[in-house]
Engineer: 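My structure is below; once you've seen it, I'll send some questions.
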Amino acid sequence: MNSTVRRELVIAAFLIAFGGAVVAQARQIPPGVTTDPLGPAAFPSALGWGIAVCGLLLGAATLVFRGQSSGTTAVLADATPDDDASAEGGPFSPARLIGAIVATAAYLAAFTPLGYLLATPLYVVVVMLIHGGAGKRALLLAPLLVTAALYATFRYGLLIPVPAGILEGIVR
Amino acid sequence: MSFIDNLLAGFATALAGPGILVMIGGVAWGIIGGAIPGISGAVAMALALPYTFGLDAATALVMLAGVWAGANYGGSIPAILMRMPGTPAAAAALLDGYELKRQGYASKALGISLICGTIGGLVSVIVLIAMVVPLGNAVLAFASPETFALALFGLTLIAGLTERSFLKGLAAGFFGLLLTTIGLDTLTGSLRFTFGRSEFLSGMDIVSVMVGLFAVSEMFYQLSHPAGRPPELEGNASTALPTLAELRSVGRATVVGTIVGIIVGIMPGAGATASSFVAYNEARRWSKRPDLFGKGSMEGVAAPETANNAVQGGDLVPTLALGIPGSNSAAIMLAALILHGIVPGPFLLTRHTGLVFTLFAGLIIVNLLMIPVGLVILRGCLAVLRLAPPVLVGSILAIVVIGTYAADLFILNPVLALVFGIIGYGMRIYGFSAAATVLGMVLGVLVESELRRSLLISLGSWSIFVTRPISAVLLVLTLGVLIYPAVMYAQTRRRARLVSAGGAAGTG
């Protein structure tokens, strides 16, 4: 079994499990105070079934057409390019992806308690370091300029309060 | 009110208050966003979406229309100057645009792109107005069953056209529909998928979901798939508007581009990229100098650039007349409506006539604004293009967080954007269409409410969908779209078997 077939089967299994979980959760939806012929659970339940059936068909198609070069792709495919797909990049780096997700999660956690003005430059620096290729001057200046520009836009342009965090009292 | 009165009122509304400034800002951001590789028109629009909260629905729509129009032109700037298309649709203009730059005609190529794009955009808006009004009146005969069937048809059509795998596209569309069921069910008062969290009572914030699926996932992709350094932008550039004689020389290509762009735009899911390549090929076929194509032909720039701008008007025909968005960008326009409490659907024109006519007027104005803004903003674009990719990625992620937070000062929104950024990344890697999910979210409210309303009318009888002719036809079409890939595959297999059997007989 080649890696593409294995991957498609894992995706199919995920869709079946996800659809099943949706159906199970939908069964727990209370009928509510008034009832219509369908009720509040029927539509999400049908969607759960729909997702599971898509998974089932995907799995079946993958198994039936495995080993045929044009098999799965032909029956399931459409050659129209996705209009918004950007150009493909270089090789995949899982460390960079995990780093970016962790950095963003940490930034969101620090956003209110630490405050926008302190958390944002740190976040931009970390993202730039994860990306790599930024010079020292860019690492020093860009985060400060981005933070200041966005702060000015929101605080003074759009009059939207941004969290001051530990700078509360200093920044108004 | 007559048609002319409505249109004049639309111009008055579009230009009132901050309207003109908002449109200039929208076009400027669109051009800059479109010029940044990786920031497609839809991503630029998704990033602008949180900033429309403070605006009324009409102003928000014209601003987004400006971003959309601007991004169509912006993509050609790095394509011509750096051989690096800012948007996928600009890849066709690169073929001759960069050749012209090498020959020292970069300014002329940029000017042709700007003017022809504006012409394509303006003509497509006129066609849009001419088509939407009669189509919008035709759907007056639609009741709940027809509206449900139409929304279902739109969903399956887009799911099938926008992604490589039809089944994955369909599953992604179902996922989008499912997201709209989260929260309080307005018909029965039941809580659905809230998991005891009061934050989810009003459902998922569509802006955060869209920003996550389009913008955050793209940034994560760029971070985790680091490409080499982009080509250096040498020297400065300017835009030289074409003379009348030059415009006449690309007239045929401009006409071809406009026609192709409008037709492709009307077809849901086909999009600007397809239109620009089709227009390029057709312009070469109709050209008096096809030998120049690929070697620095002005027509080779004019045709694709006209087409990708003309797509906008065509794209909005099914969006405004039927409530079926033909592309990601059109879906974002509809999301902006949802954001302002307007449920998109086939009755948009009749129930929100003023809004639709303001959008018509706004589209004409933003296309006209493209020329002055495009001339002025070029220097800013070049400055942004000179920024290193890490600076751009870091800045855009910071913009996403503050933008989604500022929408209603709620930290859950940027958290949602992060979660859907991860989901969108996974969807992209495993071949699922984020566009289908967004479409599901946009059509979800309509699909479920019209389905349940139809069954209320029929006292629970499903026959209501097949006894009404329009609804029955739409459902048959939906079924056709669903089984089409399998039929096509069976035919291909049979043909292949016949060919191989013939080949075997021949050799035997």
Side-chain angles (χ1 to χ4, degrees), chain A residues 11 15 22 25 29-40 43-44 47 50-51 54 57-58 74-78 80-87 89-93 96-97 100-101 104-105 107-108 111-112 120 123-124 127-128 130-134 138 142 146 150 154 158 160 162, chain B residues 37-38 40 42 54 88 160-167 170-171 174 177-178 181 185 187-190 192-193 218 220-227 269 271-273 327-328 388-391 393-395 397-399 401-402 406 411 414-415 418 422 430 448 452 455-456 460 485-486 489 492:
Chain A
I11 293 170
L15 288 177
V22 170
Q25 276 295 326
I29 296 171
V33 286
T34 56
T35 50
D36 62 314
L38 267 191
F43 188 65
L47 293 173
I51 292 170
C54 283
L57 290 174
L58 186 68
V75 74
L76 307 169
D78 187 285
T80 311
D82 188 348
D83 217 26
D84 285 299
S86 64
F92 173 55
S93 162
R96 284 166 182 251
L97 177 64
I101 293 169
T104 309
Y107 174 48
L108 293 177
F111 195 72
T112 312
T120 305
Y123 173 63
V124 177
V127 170
M128 287 173 71
I130 291 170
H131 191 291
V146 168
L150 288 176
F154 281 87
L158 301 170
I160 291 168
V162 287
Chain B
S40 62
L161 285 172
T162 53
E163 191 49 40
R164 286 175 220 135
S165 162
F166 179 78
L167 283 173
L170 203 59
F174 286 151
L177 286 170
L178 189 68
T181 66
D185 176 36
L187 215 60
T188 60
S190 297
R192 302 192 291 189
F193 305 115
E218 176 62 40
F220 282 172
Y221 188 86
Q222 290 195 18
L223 276 164
S224 62
H225 293 78
T273 310
S327 67
N328 294 347
V391 177
V393 174
S395 310
L397 283 173
I399 290 172
V401 172
I402 185 79
I411 197 69
V415 172
L418 169 63
I422 298 167
Y430 295 111
E448 188 184 13
R452 290 167 76 178
L455 290 172
L456 268 174
Y489 176 69
T492 313

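FYI, side chains are in, hydrogens and waters are out, and symmetry mates aren't considered; it's all heavy atoms of this structure. Order of the sequence lines sets the chain letters (A, B, ...), proteins ahead of strands, with each chain counted from 1.
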Engineer: So Tyr107(A) and Phe111(A), would you call those rings parallel, tilted or perpendicular, with 30° and 60° as cut-offs?
Structural biologist: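 The arrangement is perpendicular - the two ring planes meet at more than 60°.
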Engineer: For the CG atom of Leu170(B) and the CG atom of Leu58(A), what is their distance to the nearest 0.5 Å?
Structural biologist: 11.5 Å
Engineer: If you tally heavy-atom pairs under 4.5 Å against chain A, which of Ile399(B), Val393(B), Val401(B) wins?
Structural biologist: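 Winner by heavy-atom pair count: Val401(B).
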Engineer: Heavy-atom pairs under 4.5 Å with chain B - which of Ala100(A), Ala138(A), Ala142(A) has more of them than the others?
Structural biologist: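 Of Ala100(A), Ala138(A), Ala142(A), Ala100(A) has the most heavy-atom pairs under 4.5 Å with chain B.
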Engineer: Please flag which part of Leu397(B) lies under 4.5 Å from any non-hydrogen atom of chain A: side chain, backbone, both or neither.
Structural biologist: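 Its backbone and side chain both get close to chain A.
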Engineer: Between CZ of Arg96(A) and NE2 of His131(A), what distance do you get to the nearest 0.5 Å?
Structural biologist: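 NE2 of His131(A) is found 7.0 Å from CZ of Arg96(A).
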Engineer: Are any of the side-chain heavy atoms of Val127(A) and Pro390(B) separated by less than 4.5 Å?
Structural biologist: no
Engineer: Under a 4.5 Å cutoff for heavy-atom pairs, which residue among Thr120(A), Ile11(A), Val124(A) has the most contacts with chain B?
Structural biologist: Ile11(A)
Engineer: Given heavy-atom pairs under 4.5 angstrom as the criterion, report whether the side chain, backbone, both or neither of Ile422(B) touches chain A.
Structural biologist: side chain
Engineer: Verify the neighbour count for atom CZ of Phe92(A): are there more than 12 heavy atoms of other residues, nucleotides or ligands below 6.0 Å?
Structural biologist: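 Enclosed.
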Engineer: Most heavy-atom pairs under 4.5 angstrom with chain B, which of Ile160(A), Val162(A), Val146(A), Leu97(A)?
Structural biologist: Leu97(A)
Engineer: Leu108(A) versus chain B, heavy atoms under 4.5 Å apart: side chain, backbone, both or neither?
Structural biologist: both
Engineer: Does Pro44(A) reach the side chain of Arg192(B), with side-chain heavy atoms less than 4.5 Å apart?
Structural biologist: yes
Engineer: Using a cut-off of under 4.5 Å for heavy-atom pairs, which of Gly460(B), Pro414(B), Ser395(B), Ser224(B) has the most such pairs with chain A?
Structural biologist: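 Answer, by heavy-atom pair count under 4.5 Å with chain A: Ser224(B).
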Engineer: Any idea which of Leu455(B), Ile402(B), Asp185(B), Leu177(B) has the most non-hydrogen atom pairs under 4.5 angstrom with chain A?
Structural biologist: Ile402(B)
